[in-house]
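Since the structure comes first, as structure tokens, the remarks are kept for the end.
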Amino acid sequence: MTEQLRELARRRGFFFQANEAYGGVSGFYTYGPEGAALKRNVEDAWRDRFVTREGNMEIDSPTVTPEPVFVASGHLDGFDDMLVECAECGESHRADHVVEDETDIEDAETYPTEKVADIIADHDLACPSCGAPLAGQPVEEFNLMFDTTIGPGSGQPGYLRPETAQGMFTEFPRLKEYAREQLPFGVAQIGAGYRNEISPRNALVRAREFTMAELEYFVDPEGEGPDLDRVADVDLPLYPADAQAADGEEYVHLTPREALEEGVVRGEWVAYFLARSKEWFERVGVDMERFRFRQHLPGELAHYASDCWDAESEIDGGWVELEGVASRTDYDLSKHAEHADDTFTVFKQYDEPKTVERATVDPDMSYLGPEFGGDAADVADALEALAERDRAAFDGSAEQRSADSSSGETPREDQVTVEVEGEEYTVPTEKTGFSVEEVTESGRHVVPHVVEPAFGVGRAVYTVLAHNYHEDEVEGETRSVLRLPPEVAPTTVGVFPLMDKDGLGERAQDVAADLREAGLSVTYDDSGNIGRRYRRQDEVGTPYCVTVDYESLEDDTVTLRDRDSTDQVRVDVDDLADVLPSLTGGDRDFEDL
RNA sequence: GCGCCGAUGGUCCAGUGGUAGGACUCGAGCUUCCCAAGCUCGCGGCCCGGGUUCAAUUCCCGGUCGGCGCACCA
């Protein structure tokens with residue numbers, strides 16, 4: 001099936017390997033005319049569901065991203081792994097981890113690979129799996145992010161984004177303004193992401209450049225949940241972590257509300273988006289008999305996720321991840337708040353203003369300035385942060401006195417020490433302007449939590465193709481047909497003259513032009529006999545075909561043929577522009593015509 | 001990245017130390033006329049580099065790409 005599908009995809013222009021004229025490179029694909037249309041329709045359906053109907057906003061951020069963003073997000077640490085492979089058992093290990101586990105060295109991760117290889121040789125380190133010596137084995141670095149240089153010369157380092165999500169996070173300070181600081185709100189993006197996969201496989205399933213559709217839904221961790229009534233009847237095929245540990249594949253079928261009540265799914269928003277996702281996958285043509293939500297096992301969770309469910313489809317006996325619905329908590333926004341020079345919180349007003357005690361500082365800059373020079377402002381910021389965090393530091397705790405006395409200096413109760421970029425600065429407490437005041441707060445700054453449904457568009461397209469490919473037997477002949485939902489089919493209607501003579505061709509051309517003018521995606525075909533033309537359209541999933549015959553010339557009717565049943569009805573030419581959209585939109589059924 | 005297998009028209013395959021053939025598709029024409037019909041004609045190909053050889057698509061080496069298994073998939 002896969003081979004036939006792959007062949008169909010190539011031959012009919014759904015997708016194929018890119019740059020084949022130059023030998024091709026693994027992991028890159030071009031969507032041909034049919035595939036690009038199918039993909040666009042899938043994306044449009046996603047946009048309709050997760051942007052328009054959810055009332056979210058869509059953005060479009062750059063794919064080239066400066067390095068500091070990934071320092072903050074944590075991707076820089078995660079992708080720059082050093083691997084060493086055991087010659088004996090073939091197992092790959094993190095070279096830096098081997099070194100750190102077996103020696104006193106604690107920061108092997110920061111060493112160049114050659115040095116790590118030397119250390120392994122010098123210490124006669126062995127393979128953690130089989131015990132064979134690793135000395136002499138090369139230590140190799142692999143980057144999962146594509147790097148680039150921004151600007152001329154050495155420029156500044158940048159990376160192609162491994163996910164579109166960071167764009168939504170880095171622009172959060174503006175986006176929250178557009179949302180009028182009202183949680184919850186969602187920001188979505190459809191675009192390319194890049195991962196320099198070690199071994200791309202399986203066509204669109206694991207590509208190095210691929211389209212993602214991601215929604216970052218920002219919620220108040222203490223706020224109200226979604227309206228689960230709207231998805232009350234959705235049956236979720238759940239495959240929880242504990243069921244995966246057990247033998248067999250026991251799925252649990254629950255509604256979102258049941259799943260929450262039974263504690264299978266943690267988090268109302270996750271449950272809500274699982275339901276919306278399932279409905280959407282069904283809408284674009286994923287077979288629900290070959291679909292499930294699988295919970296990530298604890299060790300499988302990404303560095304940013306607290307809980308994650310993958311939507312998966314079954315293709316040829318294997319399961320393909322289509323979507324991850326992750327609880328990213330406040331990880332991303334907190335990280336960017338730490339690293340970036342902006343505010344990643346939303347101000348949440350209390351119902352009633354509160355009076356609270358708050359520790360503040362008002363540093364004497366006429367002292368700090370001369371004392372610390374250019375660092376004075378940073379010291380002042382550090383003092384403010386310290387006051388919020390630990391007001392005891394300002395009244396000379398026992399611990400601090402003890403520390404001071406042990407250093408041999410005169411105990412000083414009246415000073416406070418802060419650290420700025422590794423340097424310690426000591427300031428007399430009286431110069432900090434420290435005080436504890438009663439203030440009235442009308443609200444507080446909340447770091448929103450993020451619930452992220454992230455879809456792989458290419459994988460969805462691939463699944464839709466695989467799940468809708470059928471071979472019928474028609475009078476002993478095999479008929480290949482893609483039973484795509486009309487909404488996503490690349491072409492809505494094929495228009496043919498029964499024969500290309502006696503004016504039928506001209507009449508059919510007019511019909512095709514009129515339907516195009518009405519906004520429909522139309523293919524005109526006058527080549528070969530009529531049956532061949534129907535089969536061509538069947539193979540690319542065109543749901544309807546219109547044939548102009550001799551009767552058309554008399555009474556302005558045409559035959560309208562249904563892909564799945566191959567049934568035909570006669571329809572007035574003038575009605576086509578209304579009938580076809582109502583059929584594809586699901587407002588009418590073919591049988592009722 | 002490792003191992004095994006493979007690479008010949010758009011697609012699927014056969015074959016050969018003297019540059020190749022079929023089927024399907026596609027195009028033109030005739031014929032038929034509502035579900036891959038028939039006939040005629042036509043377009044179109046040996047992954048790349050090196051070696052052996054008078055001569056390599058064929059044999060050898062290396063590479064690239066693909067499939068499968070392992071590893072990897074933050």
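Letters A, B, ... mirror the listed sequences (proteins, then strands); counts begin at 1. Atom set for the values below is all heavy atoms of this structure, side chains included, hydrogens, waters and symmetry mates excluded.
Of the candidate nucleotides B/rC34, B/rC33, B/rC65, B/rC65 has the atom nearest to the side chain of A/Val25. In this structure, of B/rC72, B/rC35, B/rC33, it is B/rC33 that holds the atom nearest to the side chain of A/Leu498.
Checked by distance alone, A/Arg11 brings no side-chain donor or acceptor within 3.5 Å of a matching partner on the base of B/rC26. Judged by distance alone with a 3.5 Å cut-off, a donor-acceptor contact links the side chain of A/Arg561 to the base of B/rC35. The base of B/rC34 lies close enough to the side chain of A/Gln568 for a donor and an acceptor atom to sit less than 3.5 Å apart.
A/Lys39 is linked by a salt bridge (charged side-chain N to carboxylate O under 4.0 Å, His left out) to A/Glu43, counting only residues two or more places apart in sequence or in another chain.
With A/Thr65 contributing its side chain and A/Thr63 its backbone, the two residues share a donor-acceptor pair below 3.5 Å.
The pair A/Arg507-A/Asp556 meets the salt-bridge criterion, with a side-chain N (NZ, NE, NH1 or NH2) lying under 4.0 Å from an Asp/Glu carboxylate O.
Toward the 5' end of RNA chain B, the nearer of the two residues A/Gln17 and A/Arg459, judged by each one's closest nucleotide, is A/Gln17.
At B/rC73, none of the side-chain N or O atoms of A/Arg208 fall inside 4.0 Å of OP1 or OP2 (strictly under the cut-off).
The aromatic ring centroids of A/Tyr159 and A/Phe146 lie 6.0 Å or more from each other. Ring to ring, A/Trp309 and A/Tyr239 are not that close: their centroids are 6.0 angstrom or more apart.
Nucleic acid contact class of A/Asp549 (heavy atoms, under 4.0 Å, all strands): base.
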Please report, to 0.1 Å, the donor-acceptor pairs under 3.5 Å made by any side chain of residues 11-19 of chain A, with sequence neighbours excluded.
unit_1, atom_1, unit_2, atom_2, d
A/Arg11, NE, A/Glu7, OE2, 2.5
A/Arg11, NH1, A/Glu539, OE1, 3.3
A/Arg11, NH2, A/Glu539, OE2, 3.2
A/Arg12, NH1, A/Glu539, OE1, 2.7
A/Gln17, NE2, A/Val25, O, 3.4

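As rounded to whole Å, 16 Å separates atom C1' of B/rC34 from atom CG of A/Asp500.
Scanning RNA chain B for stems, defined as runs of 3 or more consecutive Watson-Crick or G-U wobble pairs whose donor-acceptor distances all fall under 3.5 Å, gives the following ranges: B:1-7 with B:64-70, B:10-13 with B:21-24, B:26-30 with B:38-42, B:47-51 with B:59-63.
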